[in-house]
Each structure stands twice: as structure tokens, then as C-alpha cells.
Amino acid sequence: MPWRTSPADRARGILPDPYHIWMSEVMLQQTTVAAVRDYFLRFTARWPTVADLAAAEDGDVMGEWAGLGYYARARNLLKCARAVVTDHGGQFPDTLEGLLGLPGVGPYTAAAIASIAFDRAETVVDGNVERVMARLYDIHTPLPGAKPELTARAARLTPTQRPGDYAQAVMDLGATICSPRNPACGICPWQTPCAARRLGTATELPKKTPKKPKPTRTGIAYIARRSDGDWLLERRPDRGLLGGMLGWPGSEWAEQVPPHAAPFDADWVTLPAQALHTFTHFHLRLTIQVAVAPQGTNPTTGSFLSGDMFRPSDLPTVMRKAFDLAQDHFVGSR
DNA sequence: AAAGCGTGGGC
DNA sequence: TGCCCAAGCTT
């Protein structure tokens with residue numbers, strides 16, 4: 001992992017850049033290491049310091065985050081960078097309390113930064129640690145209700161020696177050996193004290209309360225290309241689903257879509273294929289309508305973005321799926 | 001305090 | 001193939 005420094009360096013007092021640890025930890029919230037890696041490298045190459053990031057344009061940061069999901073993280077990333085510069089002299093706070101005051105930094109991330117970047121004896125409790133503790137102590141209370149007990153167990157184990165190494169090690173243990181499906185108990189360094197290992201309950205822990213089924217919503221997206229090659233796009237409002245991201249104008253997304261109008265009058269063509277996408281709490285079937293806009297078109301929403309300025313990679317994935325289908329249409333009809 | 005909030009990979 | 005899961009935070 002490119003944000004990590006070796007235990008050997010850490011032992012000699014060489015700690016990682018707090019900016020890098022903060023960046024990686026925010027990206028890693030509910031996101032796999034494999035997905036984060038390239039984003040981390042692009043962000044730190046483009047904005048090498050927190051001051052560079054604080055000076056960035058909102059749209060540039062949102063565009064660079066596109067595809068990683070949970071876009072409130074990107075909005076808070078910018079807020080946080082600016083808070084560090086304006087309220088903390090450009091240095092990240094080195095205490096749990098100070099870190100918790102930053103936007104997008106909750107109990108886990110604050111403890112991760114404090115322990116990994118500053119070697120403070122704070123306790124990280126992420127999904128890995130929850131699983132390891134539930135098994136180590138054979139706790140059958142379902143999550144999220146078990147969280148306080150799991151946190152207390154984890155805190156009791158946190159050492160004062162090399163807390164940063166320990167935090168990473170216990171998460172690595174959960175990510176590799178004490179894995180959700182096929183835990184490798186035979187090679188686990190904690191196999192002797194582990195209650196679930198002894199009782200044979202490891203694979204069924206931690207218990208979780210069942211999830212609600214996802215409803216299916218539908219909607220329409222309007223993808224218009226002007227004769228000069230510009231695309232009609234809009235910036236979504238700064239809160240809610242895909243907040244702050246670039247997207248295509250369209251209807252609401254709902255189980256029953258209310259009446260709505262296209263952004264301008266034209267001979268809109270409905271594509272034969274829909275864009276299918278699943279969000280955290282619903283499935284979406286997006287119907288795509290395409291049109292060529294004459295020069296001088298005045299849309300009721302959004303604005304035309306030049307073909308040179310528009311990077312499809314700035315779009316969140318659902319909008320990118322819609323674009324790919326529309327582009328097939330425009331190319332195929334040429 | 002329960003719900004909202006993305007995405008891709010693995011099985 | 002659909003479901004589960006991933007180094008959670010905010011309101």
C-alpha cells in the first residue's frame with residue numbers, strides 16, 4: 001500500500017505523512033484497498049500537500065473522485081483540507097479530539113490517523129476489528145448493537161507500545177486471516193485464545209441484523225450533443241445522492257416517476273437499452289433519451305460543456321454507464 | 001437512531 | 001445471478 005511506511009522505519013521514529021494517512025483512510029471508508037490504490041496515487045500526485053488540495057476547485061476534486069462512490073467523502077475531503085489550512089495552520093491535529101472536529105473524520109478515521117500517523121495509543125474499530133473481536137470473544141449479539149461491546153474489547157487489547165503497528169496489524173489480520181467467509185484459523189496467531197475457534201463458531205460471526213430489500217426505481221436521463229460536439233450536463237446539488245457530481249439532466253428517480261419535461265424541445269430518441277445500476281438502497285433502471293441540439297439551443301437546465309473540457313471519467317458510474325450507451329448510439333448512427 | 005449514501009469484486 | 005462485503009460518516 002503506497003501510503004504505508006515499513007515497521008522498520010516506524011521503529012526508527014519515521015512516521016508517514018499525516019496527509020497521506022488521512023487521504024487513504026477517507027478513501028478506505030467502506031471501500032476496498034484494491035479500489036483505493038490508484039485514486040490515492042492520482043490525488044497525491046495532483047495535490048501533493050494539504051495546502052494544494054485546499055486550493056483546488058471543487059469540480060476538479062469531485063471529478064477526480066468520480067467512480068469511487070460515497071461522494072460526501074469528497075465534499076468533506078475538501079472541507080477538511082480547507083479547515084486544516086485555515087484553522088490548524090496547515091498541520092493535522094495530532095489528538096483524537098482535534099481530529100474528530102474535522103469534516104468527514106469520525107471515530108474510526110480519527111483513531112486511525114492518531115495511531116498510524118502519530119503513534120498514539122488510540123483504538124481503531126472498523127469492520128475487520130469488529131469481526132476479529134466478535135470471534136476472539138465469541139460474541140453473538142448482532143451488529144450494529146454489539147458495537148459498544150466490541151469497541152470495549154478492542155480498547156482493552158490496544159497496547160501502548162507501537163500502537164500504530166498494532167492498529168494496522170489487527171486490521172490486516174481481519175482482512176487476510178480472520179476473513180469473513182473462510183477464516184484461516186490454522187495459521188492465526190490468535191488461534192489459542194480465540195473462543196470462536198475453540199467453539200467452532202468463527203464462520204457465523206459476527207452476527208448481523210438482516211438488511212431490508214432494495215426497491216427498484218426508474219428514471220429518464222437526457223443526453224444531448226450539440227452540433228459543435230458540446231454535451232449538455234448539469235452539476236448536481238451539493239447534498240443527497242451523487243451530490244456535487246456532474247450528471248445528465250433527467251427526471252426524478254422513483255418507483256412512480258412524476259411528470260417532467262425534457263431540457264429542450266427536440267426529436268428525442270429513446271435508446272433500446274436501459275442503464276442498470278444498483279445504489280446502496282435501491283436498484284435503478286434508467287431510460288436514456290438522446291437528441292442532437294441545434295446551435296443556439298437554450299436548455300431549461302444544465303449547460304453545454306465543450307467536448308474538450310468534458311472528461312467522461314469525471315462522471316459518477318451510473319452517469320458513465322448512460323453515456324457509454326448514448327455514445328454507442330451517436331457513433332452507430334454516424 | 002435509523003436511514004441515506006456508491007461501487008466493484010468474489011462467490 | 002443476486003447477494004454480501006469493504007480500513008464509516010452524517011443527519
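The model shown is predicted, which means the values in this text are computed figures rather than measured ones. The analysis underlying the following values was restricted to heavy atoms, covering all of them including side chains, and did not include hydrogens, waters or symmetry mates. Just so we're on the same page: letters track the sequence lines, and every chain starts at 1.
Within the structure, a side-chain polar atom (N or O) of A/His281 is placed less than 4.0 Å from OP1 or OP2 of B/dC5. Within the 4.0 Å cut-off from OP1 or OP2 of C/dG8, not a single side-chain nitrogen or oxygen of A/Gln29 is found. For A/Thr109, a side-chain nitrogen or oxygen approaches OP1 or OP2 of C/dC9 to under 4.0 Å. Proximity of A/Lys211 to the phosphate of C/dC3: no side-chain N or O atom is located under 4.0 Å from OP1 or OP2. For the OP1/OP2 pair of C/dA6 and a distance below 4.0 Å, the side-chain nitrogens and oxygens of A/Tyr70 include no atom meeting the criterion. OP1 or OP2 of B/dG8 lies within a sub-4.0 Å distance of a side-chain N or O belonging to A/Thr317.
Straight-line distance from the CG atom of A/Leu241 to the P atom of C/dC9: 20 Å, rounded to whole Å. A/Lys147 places its NZ atom 11 Å from the C1' atom of C/dA7, with the value rounded to the nearest Å. Atom P of nucleotide C/dC9 and atom CD of A/Gln30 are separated by 9 Å, given to the nearest angstrom. Distance, A/Trp65 CH2 to B/dC5 P: 18 Å, rounded to whole Å. Nucleotide C/dC9 holds its P atom 14 Å from the CH2 atom of A/Trp22, rounded to whole Å. The separation between A/Lys208 atom NZ and C/dC3 atom P is 16 Å, rounded to whole Å. Computed from coordinates, the A/Leu99 CG to C/dG8 C1' distance equals 16 Å when rounded to whole Å. The separation between A/Lys214 atom NZ and C/dC3 atom P is 9 Å, rounded to whole Å.
Between C/dC9, C/dA6, B/dG6, one nucleotide has an atom nearer to the side chain of A/Tyr108 than all others, and that is C/dC9. Side-chain proximity of A/Arg181 to the nucleotides C/dA7, B/dC11, B/dG6 is greatest for B/dC11. With distances taken from any side-chain atom of A/Arg131 to the nucleotides B/dG6, C/dC9, C/dA6, the minimum falls on C/dA6. Taking every side-chain heavy atom of A/Asp126 into account, C/dA7 is the closest of C/dC5, B/dT7, C/dA7. The side chain of A/Arg4 has C/dA7 as its nearest neighbour among C/dA6, C/dA7, B/dT7.
Within 4.0 Å of A/Arg75, counting heavy atoms only, lies no atom of the nucleic acid at all. Residue A/Ser24 is classed as having no contact, given no heavy-atom separation below 4.0 Å to the nucleic acid. A/Gly174 comes within 4.0 angstrom of no nucleic acid atom, judged by non-hydrogen atoms across all strands. Contacts of A/Met245 with the nucleic acid, taken as non-hydrogen atoms under 4.0 Å apart, are absent. Using a 4.0 Å heavy-atom distance criterion, A/Pro316 is classed as a sugar-phosphate-only contact. Residue A/Leu68 is in base contact, counting any heavy-atom pair closer than 4.0 Å across all strands shown. A/Thr31 comes within 4.0 angstrom of a nucleotide base, judged by non-hydrogen atoms across all strands. Within the nucleic acid shown, A/Val105 comes within 4.0 Å of sugar-phosphate atoms alone, with no base atom in reach, counting heavy atoms only.
Within 6.0 Å of CD on A/Gln161 lie no more than 12 heavy atoms contributed by other residues, nucleotides or ligands. Within a 6.0 Å radius of CZ in A/Arg236, other residues, nucleotides and ligands contribute more than 12 heavy atoms. Around the CZ atom of A/Arg42, the shell of radius 6.0 Å holds more than 12 heavy atoms that belong to other residues, nucleotides or ligands.
Using the six-membered ring where Trp is involved, A/Phe330 and A/Trp231 have ring planes that are perpendicular, over 60° apart on the 30 and 60° scheme.
The residue among A/Arg239 and A/Thr32 whose nearest nucleotide of DNA chain C lies closer to the 5′ end is A/Thr32. Residues A/Pro206 and A/Gly106 both approach DNA chain C. Their nearest nucleotides, taken by heavy-atom distance, put A/Pro206 toward the 5′ side.
Screening A/Asp172, A/Asp9, A/Asp165 for a salt bridge (charged side-chain N to carboxylate O under 4.0 Å, His left out) involving A/Arg4 leaves a single residue, A/Asp172.
Nucleotides C/dC9 and B/dA1 are separated by 14 Å at their C1' atoms, to the nearest Å. C/dA7 and B/dC11 have their P atoms separated by 15 Å, given to the nearest Å. Nucleotides B/dG6 and C/dC4, compared at atom C1', are 15 Å apart to the nearest Å.
Note that the CD atom of A/Gln29 and the CG atom of A/Asp126 stand 11.0 Å from one another [nearest 0.5 Å].
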Next on the checklist: Evaluate A/Asp138 against A/Thr201 for side-chain hydrogen bond (donor to acceptor under 3.5 Å, both in side chains), listing each step before the verdict.
Outcome noted: CA-CA 7 Å; A/Asp138 193 50; A/Thr201 56; 2.6 Å; yes
